[in-house]
2 protein chains.
Amino acid sequence: METGDHKDCLGVIMPVRDALDVINGKWKLPIIIAISRGHKRFRDIERNIPKITSKVLSKELKDLEAHKLIKRSVFDSQPVSVEYTLTPYADTLNPVIDALFVWGTQHRKTIFGSSEPQG
Amino acid sequence: METGDHKDCLGVIMPVRDALDVINGKWKLPIIIAISRGHKRFRDIERNIPKITSKVLSKELKDLEAHKLIKRSVFDSQPVSVEYTLTPYADTLNPVIDALFVWGTQHRKTIFGSSEPQG
DNA sequence: CTGGATCCGCTTAGATACTG
DNA sequence: CAGTATCTAAGCGGATCCAG
């Protein structure tokens, strides 16, 4: 397979871009993580994601729902409550989240350990 | 560890966000993939990434260099040529890229197979 | 108090063109 | 070939407001 130097590029880039298209932005994965951790309510999710605002969360939630990664269930209680849960499809993202977690953890060590903290 | 329902959230979100901070956006991973495939020159990278523009490529390349993921080497030839290569640190991203590739491939099948094509 | 929508400013991304 | 400049459009983020 690896005969030369300029290997197939598009065949790798395109699926990766399809994936990036879905988890695009700084919020989608954190939201999925928060929900997977048992935070199903809007404010509960909001509180568990540093610096996110209602507006952004609202928008991202809709986006995620359109991608079939989360399910929005409305309960006709008093007052109305809404629960966000992950779909089984979202669970297939676990290897991605795990890889990111591992790399991010290592990266954090690298940047904090070498010269200066970041934020 | 998994005693309850509301599990540690920040401990997962923060490293993931550190990772997302680095590979943020639609271009960084495609660029890394292109370079890893043997495309080292500016125009060569540009041509192998659909829809990227010079400006964005230029900016992303600087970003990636600042994060120590790529190395920019200037050769004093006629005319001056520049080569971008991956650092060993960039290689540690392989599990992430691989996970994204696997998921993206599957996702592509899902969206093309169910109703309508996307891009 | 929950789940948003709206107005507005700032930062980014993208199209096109240009320089060394 | 290897980028920069300029302009515009879109998206992010903050504050505020609204319905139940």
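Reminder, nothing fancy here: chain letters follow the sequence lines and each chain counts from 1. Only this structure's heavy atoms are used, side chains among them; waters, hydrogens and symmetry mates stay out.
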- Task: Considering non-hydrogen atoms only, spot the tightest contact between B:Ala19 and A:Gly104 and give its length.
- Result: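 Answer, listing the atom of B:Ala19 first, then A:Gly104: CB-CA, 3.9 Å.
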- Return the minimal non-hydrogen interatomic distance between A:Arg72 and A:Val82, and the atom names on each side. CG-CG1, 3.6 Å
Atom-pair distance ([atom1] on [X]; [atom2] on [N]), nearest Å:
{"X": "A:Glu83", "N": "C:dG4", "atom1": "CD", "atom2": "P", "result": "13 Å"}
{"X": "B:Asp76", "N": "D:dA2", "atom1": "CG", "atom2": "P", "result": "14 Å"}
{"X": "A:Glu46", "N": "D:dG14", "atom1": "CD", "atom2": "P", "result": "11 Å"}
{"X": "A:Leu61", "N": "C:dA5", "atom1": "CG", "atom2": "P", "result": "11 Å"}
{"X": "A:Lys51", "N": "D:dG14", "atom1": "NZ", "atom2": "C1'", "result": "10 Å"}
{"X": "B:Asp63", "N": "D:dG3", "atom1": "CG", "atom2": "P", "result": "15 Å"}
{"X": "B:Ile49", "N": "C:dA13", "atom1": "CD1", "atom2": "P", "result": "14 Å"}
{"X": "B:Leu57", "N": "C:dT16", "atom1": "CG", "atom2": "C1'", "result": "17 Å"}

- Task: Identify which one of A:Leu10, A:Val12, A:Asp8 satisfies the side chain to side chain contact (heavy atoms under 4.5 Å, CB included) criterion when paired with B:Arg37.
- Result: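 That would be A:Val12.
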[N] phosphate, OP1 or OP2: any side-chain N/O from [X] under 4.0 angstrom?
{"X": "B:Tyr84", "N": "D:dC1", "result": "no"}
{"X": "A:Arg72", "N": "C:dG4", "result": "yes"}
{"X": "B:Lys26", "N": "C:dT12", "result": "no"}
{"X": "B:Thr53", "N": "C:dT16", "result": "no"}
{"X": "A:Trp27", "N": "D:dC12", "result": "no"}

Donor-acceptor pairs are to be reported for all side-chain atoms of residues 87-97 of chain B against protein atoms at under 3.5 Å, with residues two or more places apart or in another chain.
from    : atom 1 : to       : atom 2 : distance (Å)
B:Thr87 : OG1    : B:Lys68  : O      : 2.7
B:Thr87 : OG1    : B:Leu69  : O      : 3.2
B:Thr87 : OG1    : B:Tyr89  : N      : 3.4
B:Thr87 : OG1    : B:Ala90  : N      : 3.3
B:Tyr89 : OH     : A:His107 : ND1    : 2.5
B:Thr92 : OG1    : A:Trp103 : NE1    : 2.8
B:Thr92 : OG1    : B:Tyr89  : O      : 2.5
B:Asn94 : ND2    : B:Asp91  : O      : 3.2

- Task: Could you check if a side-chain atom of A:Phe75 sits within less than 4.5 angstrom of a side-chain atom of A:Glu83, using non-hydrogen atoms only?
- Result: yes
- Taking side chain as C-beta onward, heavy atoms only, is A:Trp27 less than 4.5 Å from A:Val56?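 A:Trp27 vs A:Val56: side chains touch.
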- Task: For A:Arg47 and for B:Glu60, find the nucleotide of DNA chain C with the closest heavy atom, then tell me which residue's nucleotide is more 5'.
- Result: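 Upstream on the strand: A:Arg47.
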Can you name the atoms? Protein N/O to nucleotides 18-20 of chain C N/O, anything below 3.5 Å, with the distance.
none

- Item | DNA chain D: 5'-proximal contact among A:Ser54 and A:Val80 (nearest heavy atom) | A:Ser54
- When you measure from the side chain of B:Val56, which nucleotide among C:dA13, D:dA2, C:dA5 comes out closest?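 The answer is C:dA13, which lies nearest to the side chain.
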- Query: Which one, D:dG13, D:dG3, C:dG3, comes nearest to the side chain of A:Arg41?
  - Reply: C:dG3
- Task: Would you kindly say whether A:Arg43 and A:Ser54 are connected by a side-chain donor-acceptor distance under 3.5 Å?
- Result: yes
- Decide, yes or no, whether a salt bridge links B:Asp63 with B:Lys28 under the criterion of side-chain N to carboxylate O below 4.0 Å. yes
Grab the N/O contacts between the protein and nucleotides 5-11 of chain D below 3.5 Å, and write none if there aren't any.
from  : atom 1 : to      : atom 2 : distance (Å)
D:dT6 : O4     : B:Lys55 : NZ     : 3.4

- Query: Is A:Val74 linked to A:Leu86 within one hydrophobic cluster, defined over Ile, Leu, Val, Met, Phe, Trp and Tyr using a side-chain heavy-atom separation of less than 4.5 Å?
  - Reply: yes
- Message: Quick check on the hydrophobic clustering: are A:Met14 and B:Phe101 connected, directly or via other members, by side-chain heavy-atom contacts under 4.5 Å?
- Response: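 In one cluster with A:Met14: B:Phe101, no.
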